[in-house]
Amino acid sequence: MSAPEHHTDAAAEEVTRIHPRSVLGRLPRYAAGKPPVVIEGLQSFKLSSNENPLPPLPAVLQAIGSQTAVNRYPDPMTTTLRTELAAFLGVPPEDIVTGAGSLGALNQILAAFAGQNDYDAPDEVIYPWRSFEAYPICVGLAGAMSVQVPLLPDSTHDLDAMASAITDRTRVILLCTPNNPTGPALAEQEVRGFLAKVPRNIVVVLDEAYVEFVRKEEAVEGLQLYRDYPNVIVLRTFSKAHGLAGLRVGYSISRPALTEHLRVSATPFAVSQIAEHAAVTSLQHIDEVRERVQTIVDERNRVVDGLKHLGWEVPEAEGNFIWLALGENTPEFAALAEQQALSVRPFGVEGIRVSIGEPEANSRFLELCATYTKGPGVS
């Protein structure tokens with residue numbers, strides 16, 4: 001066997017002449033949650049990725065193991081899953097378009113409705129900030145311009161400012177509820193008031209990746225908005241509540257006038273047959289899924305109550321995570337958590353998102369907070 005060939009200087013010089021799209025140099029890099037470090041004598045816990053700490057249901061694991069025809073392409077229309085979802089949600093199957101997680105479904109929306117104009121005057125996509133960190137990456141890669149509207153002091157969307165940011169270049173508006181990473185959920189009436197100010201030719205995406213964890217009585221109901229407003233698209237996922245993050249199953253729900261375009265922009269075979277079968281099985285055992293979600297909500301409430309008892313100010317938490325607005329103390333707190341074998345998700349010098357994990361992990365996190373005196377609202 002001959003030795004591998006090495007690139008010559010001339011070949012290397014040729015490679016350097018290949019230039020990526022200029023937008024890549026302007027986009028942030030997505031930073032996934034880091035795994036916890038190993039600390040002797042302590043069990044490590046990952047609280048940095050908003051993952052469900054519980055594995056899929058036993059029936060789902062069995063369904064995954066039963067899939068053997070992976071040498072065949074999956075159904076590009078994910079017919080079985082869309083039929084099951086349609087019955088569960090009370091919507092027509094034709095109104096559902098699946099994707100590789102809700103992020104994949106979002107990319108399909110942006111590919112269909114934003115970024116197709118001149119470089120000198122690109123389409124605009126409005127979204128709150130801080131919010132899901134993939135938004136600026138997805139928008140930029142679509143060829144559109146991000147219009148980031150700062151959150152209000154209580155970590156909620158500034159819907160008035162978002163409405164004021166609309167121009168004749170606006171094509172898509174993203175609303176994240178509950179907002180990742182800060183936690184508050186939008187209220188029904190405030191969203192309806194906002195939609196009354198949005199021209200009907202602008203697509204409004206309601207990102208409900210954590211909808212199953214919401215307990216706020218007046219929280220917005222995406223499905224009803226999609227029925228009432230033809231320009232609304234609802235995003236949902238099986239990654240969080242169903243514990244299928246590693247299988248990448250998401251979907252959007254919208255009217256036929258929008259889905260006809262989404263089916264063109266949809267990535268072929270984005271949902272594997274294993275993922276589809278797992279999602280269908282999980283839906284068929286939805287009562288068990290809801291029981292598991294409630295255990296996470298109960299733990300979330302315990303953590304929030306514990307923080308407030310310690311004197312911490314915590315934004316409304318309606319997802320499977322909480323937000324600590326630590327500002328310049330963010331790196332220090334993240335390092336202290338690492339020393340306790342806990343991985344959390346720091347965001348620069350803004351704050352830290354902590355996913356709700358196993359009870360032992362949550363208790364250890366509260367113990368850390370009890371000894372930390374630089375938290376928001378802690379004297």
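All residue numbers refer to positions in the sequence shown, counting from 1.
Q62 meets the side-chain hydrogen bond (donor to acceptor under 3.5 Å, both in side chains) test with no other residue; sequence neighbours excluded. For Q67, the side chain to side chain contact (heavy atoms under 4.5 Å, CB included) test picks out Q273, I274, H277, with sequence neighbours left out.
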Side chain to side chain donor-acceptor pair (under 3.5 Å) between E124 and T167: does it pass, once the steps are laid out? CA-CA 8 Å; E124 295 176 352; T167 71; 2.8 Å; yes

Decide side chain to side chain donor-acceptor pair (under 3.5 Å) for T182 and N179; before the verdict, give the C-alpha distance in whole Å, the side-chain angles of both, and the deciding distance to 0.1 Å. CA-CA 6 Å; T182 61; N179 187 52; 2.8 Å; yes

Side chain to side chain donor-acceptor pair (under 3.5 Å) between D95 and T259: does it pass, once the steps are laid out? CA-CA 6 Å; D95 289 3; T259 58; 5.0 Å; no

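Salt-bridge formation is not detected for the pair E212/K240: no Lys NZ or Arg NE/NH1/NH2 atom is positioned less than 4.0 Å from an Asp or Glu carboxylate oxygen. At a threshold of 4.0 Å, the pair R236-E208 counts as salt-bridged, since one of the basic side-chain nitrogens sits closer than that to a carboxylate oxygen. Using a 4.0 Å cut-off between a side-chain N of Lys or Arg and a carboxylate O of Asp or Glu, R302 and E299 qualify as a salt bridge.
Seen from the ring of F347, R345 counts as a face-on cation partner, given the 6.0 Å and 45° thresholds.
Between N180 and R353, the side chains place a donor N or O and an acceptor N or O closer than 3.5 Å (distance only, hydrogens not considered). No side-chain donor from either of E358 and N362 sits under 3.5 Å from a side-chain acceptor of the other.
Centroid-to-centroid, the aromatic rings of Y210 and F321 come within less than 6.0 Å.
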